[in-house]
Amino acid sequence: MSNNSDWDNEQLRVDEVVSEINKREKGLEEKLGDIKIDVIDIRKKFWEDVTVNFDSAEEAAETYASIKQQAEFMSEKERSHRHDLKQLKNLHKLKYSPYFGRIDFLEQGEEESQSVYIGTSSFVDDSGIEFYVYDWRAPISSLYYDYGPGHAEYETPSGTISGEVELKKQFIIRNAQIKHMFNTGITIGDEMLQEVLGGQSDSQMKSIVATIQKEQNQIIRNERGHLLIVQGVAGSGKTSAALQRVAYLLYRHRDTLVADQIVLFSPNPLFNSYVSTVLPELGEDNMQQTTFQAYLEHRLGDDWKLEDPFMQMEYVLTADEGPNYNEQIESIKFKSSLEYIQLIDQYIDSLEKEGMIFTDIVFRGETLLTKEKISSYFYELPDTISIPNRFQKLVEKLLKEVRGFELNERKKEWVEQEIELLDNEVLLKVHNKIEKQKKNETDSFYEFEREEELLRLLVVKRRMKKIKNDIKEIRFLDVASIYVQLMESLLKAEHCLDSVQKIRQSIFSYEDATPYLYVKGKLEGFQVNTTVRHVFIDEAQDYSPFQFAFIKNMFPRAKLTVLGDANQSIYAHSNVSSFLAFESLFSSSKIEKYELTQSYRSTRQIINFAKGIIQAEIEPFNRDGERPTVVGSNSIDEMHALMIERVFELKQKHRTIAIICKTAKESKTLYDNLKKKVDVRLMEKDSTGYDSNVLIIPSYLAKGVEFDAVLVYNASVDAYFKQSERKLLYTICTRAMHSLNVFFVEEISPLLANVSNETFLNKGTTISSCLPETQQIGRE
């Protein structure tokens, strides 16, 4: 802590800065009012100030220039309005908490040190020279995150600046009043983190700029590699660092990068909602947010129904006693591998010579071009031309043939019948067109024939439009049958039987969607996005190597930031090798890697409990809380009663409480049982947000979010006994910030056998020892 004199001086400075902010706010509000009036006035009088004359080419050019000049003038006014409005919003935030840090830096060669105050955005005096507050993303601000008192240096566009940090302070300012002030060393002090982490969780993630740690700052500011991989334990701040990284990139490249050129792939719609306020809180627009599932659905189109990863997860967790279960799991794993990509590539190469599958082109029940004819046209083209280019040449040839069919179709009887059904408006339009084309009286003699000819042409073109579009989109290529043919030649029969049956019903299993789109892209040409400059993938351990390769291919100009935790790999296809496979797609010189081992989300007691599940190296942040509770019971009904009792206790202290079940089916059953006894909300795969409430949620939907208190539902031996579910149970437990409560019936899961009895409270009334030493660790 600092002495009273320091405190008074710092508070005096806060008062001065806030006073300047208030003045600037007032000026901006007046300016914004004037600009808004100007914009409205310009819109009202837009055409009054434009001279419109199209009598000649010269006059038309002058008219165009006049319109363009007026439009640019209005656009500039609107841009100015948006800029000032954004600045006003930033000032409004700053006046309540203008900054959170201070460093006194003596630059090498200078005699006086500079006091640098750091906040969420910059605030400069009217001259634009003196900084009252530096944006946390400014080059000099990195000193605050990376150094304590002593030698320090930071990078600028013009080179490295060296010197000495003479003082480092942290502030907690609320409503323009200093609540806490600390002198600190190299790391952001425990006092500040305790203040932030000790609070209640919310339905929206908050910015962490005041408490960014050194290792997180390095991640945020790293621009060296094309692939940046962050492997971090649960609660280590991976996602927070990623979002601050987006804000940093938008600040660093504000003249050349906009939010729409950044894409975040997140695990589910709930997560999208959870992180949606972070960037606006920092004064930036949100990047594009999607899930890989939504991206696949968009690419497949309306012709196909796509199973989602949660349906696959339900199958993995519930169907283990069903027929062909082991074969299906092996199929999922293989179809997710880079080996499968290599085999597909080899198979595609073989299609250059033979094996391509086409469909007939049919018009009004009549085959215009048979699949055999299309095949012969394709294979007549030189195989030295790439397959996508051969298809473009084939499309040109087929369209030429279709134009010949159009000429023949005009003479047929069906055309005359459809002419009689045309609207009067269309008939009149054609008649007027013929009238305008008449040059003399002789033309009147042929007027009827010309009208009929034009109407026949119109009818045929309308009906042939779909055929032409289908040809342009290469719909005559049967990619689904090619993919089935590919599977049957590459995989064991039992590994593709289920997929083949579904495809014939226009359904794709989740594990087949990406390979199918890959095959389609290899044949027809990939629809790549070259405008996206940065792609972020969160919960990356849940992606398969195949999906990584596909994303890299779809965004060829983008740099990738990949965040995950191998200890939370819960899908059948995901494992430690997913990251290694992704690395193999890049040159080692273009890869930057970070590992975060300290967990900030949960209390030390919760982390010590969770560590026992997976035996991982996790460093808990030194924040104490209550020990987790393990509650045994003799029946499901008794467990429900104990859980309800615990929920009411927790509601007195916490804002967000989650009962986390293993599956969606289990969640729905529990919800039906509890909804009349306690106010609960069921979270499903399409849920996009939640309020402060008691939630019932499946395990895999809780990934990436956090709650004040977590109740683990039915951690019994019958529910969690397979080694493959160990990481799932760990993931559930690490969602808790302050309170973790594990409930089971009769016998607890053997996956908890290595959890030390000292890390939890046994509150079971009927179980004398929750975790006997002789208990098995788990069975397959």
Side-chain angles (χ1 to χ4, degrees), residues 137 203-209 216 219-223 225-232 236-253 257-299 308-309 514 528-544 547-548 550-565 568 574 578-579 582 592 594 596 685-689 701-706:
R137 296 164 290 185
S203 59
Q204 313 252 229
M205 179 179 277
K206 300 300 181 186
S207 162
I208 62 162
V209 294
Q216 293 170 330
I219 292 165
I220 291 165
R221 295 173 187 261
N222 187 315
E223 297 189 68
H226 284 202
L227 170 64
L228 190 149
I229 295 177
V230 181
Q231 292 212 56
S236 57
K238 301 181 295 295
T239 302
S240 293
L243 293 170
Q244 320 303 312
R245 176 171 167 77
V246 172
Y248 172 77
L249 291 169
L250 289 170
Y251 173 87
R252 173 80 171 79
H253 304 283
L257 181 69
V258 294
D260 282 347
Q261 293 175 304
I262 303 174
V263 173
L264 168 67
F265 283 100
S266 56
N268 52 56
L270 175 62
F271 183 89
N272 278 343
S273 172
Y274 179 59
V275 302
S276 64
T277 59
V278 174
L279 287 170
E281 188 183 328
L282 294 171
E284 300 291 352
D285 293 331
N286 257 324
M287 68 266 144
Q288 296 187 64
Q289 290 177 248
T290 186
T291 61
F292 192 65
Q293 171 74 13
Y295 185 72
L296 292 177
E297 288 174 350
H298 169 70
R299 296 299 300 273
D308 57 46
T514 308
V528 299
N529 186 322
T530 56
T531 61
V532 169
R533 301 264 302 280
H534 289 272
V535 172
F536 286 72
I537 304 175
D538 207 351
E539 300 295 336
Q541 73 281 348
D542 294 339
Y543 287 71
S544 71
Q547 289 169 337
F548 279 144
F550 186 76
I551 290 172
K552 180 179 184 291
N553 198 69
M554 290 301 95
F555 301 96
R557 293 185 59 195
K559 291 185 174 183
L560 290 100
T561 300
V562 175
L563 314 112
D565 178 11
Q568 296 182 64
S574 58
S578 291
F579 286 99
F582 201 13
E592 298 283 320
Y594 293 90
L596 303 176
K685 63 184 179 183
D686 296 323
S687 300
T688 56
L701 289 186
K703 291 173 67 65
V705 294
E706 59 190 27

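Everything numeric here is computed off the predicted structure, so don't read it as measured data.
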Practice problem: Give the intermediate values and the outcome of side chain to side chain contact (heavy atoms under 4.5 Å, CB included) for residues Asn222 and Tyr594. | Solution: CA-CA 11 Å; Asn222 187 315; Tyr594 293 90; 2.7 Å; yes
Quiz prompt | Working for side chain to side chain contact (heavy atoms under 4.5 Å, CB included), residues Phe271 and Thr291 | solution = CA-CA 10 Å; Phe271 183 89; Thr291 61; over 6 Å; no
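At least one side-chain heavy atom of Tyr543 sits under 4.5 Å from a side-chain heavy atom of Ile551. His534 has its side chain within reach of Leu257: a pair of non-hydrogen atoms, C-beta onward, lies under 4.5 Å apart. No side-chain heavy atom of Ile219 sits less than 4.5 Å from a side-chain heavy atom of Leu563. The closest side-chain heavy-atom distance from Gln244 to Gln216 is not below 4.5 Å.
Annotation: salt bridge (Lys or Arg N to Asp or Glu O under 4.0 Å) contacts involving residues 283-292, sequence neighbours excluded, comprise Lys86-Glu284, Arg137-Glu284.
Going from atom OG of Ser276 over to atom CD of Glu281 covers 11.0 Å, rounded to the nearest 0.5 Å. The distance from atom CZ of Phe265 to atom CD1 of Ile537, rounded to the nearest 0.5 Å, is 7.0 Å. The CG atom of Asp538 sits 3.5 Å away from atom OG1 of Thr239, with the distance rounded to the nearest 0.5 Å. Note that OH of Tyr248 and CD1 of Ile220 are 10.0 Å apart. Values are rounded to the nearest 0.5 Å. Leu243 contributes atom CG, which lies 5.5 Å from atom CE of Met287 (distance to the nearest 0.5 angstrom).
With sequence neighbours excluded, the residues satisfying side-chain hydrogen bond (donor to acceptor under 3.5 Å, both in side chains) with Asp308 are Lys685. Taking Lys559 as the reference, nothing meets the side-chain hydrogen bond (donor to acceptor under 3.5 Å, both in side chains) condition, with sequence neighbours excluded. For the side-chain hydrogen bond (donor to acceptor under 3.5 Å, both in side chains) test, residues two or more places apart in sequence or in another chain that qualify with Asn529 are Thr531. Checked against salt bridge (Lys or Arg N to Asp or Glu O under 4.0 Å), Lys238 has no partners two or more places apart in sequence or in another chain. Every residue was checked against the side-chain hydrogen bond (donor to acceptor under 3.5 Å, both in side chains) condition with His226, not counting sequence neighbours, and none meets it.
Listed here is the closest heavy atom pair of Glu539 and Pro267: CG-CG, 3.6 Å. Closest approach of Asp542 to Gln547, counting heavy atoms only: O-OE1, 4.2 Å. Closest of all the heavy-atom pairs between Gly232 and Asp565 is O-CB, 3.1 Å.
With hydrogens and angles disregarded, no donor-acceptor distance shorter than 3.5 Å links the side chain of Gln289 to the backbone of Leu264. A donor-acceptor contact shorter than 3.5 Å links the side chain of Gln261 to the backbone of Val258.
In summary, of the residues considered (Arg252, Arg245, Arg533), a salt bridge (Lys or Arg N to Asp or Glu O under 4.0 Å) with Glu223 occurs for Arg252 alone. Remark: of the listed residues Leu279, Asn286, Val246, Val246 is the sole one forming a side-chain contact (heavy atoms from CB on, under 4.5 Å) with Ile262.
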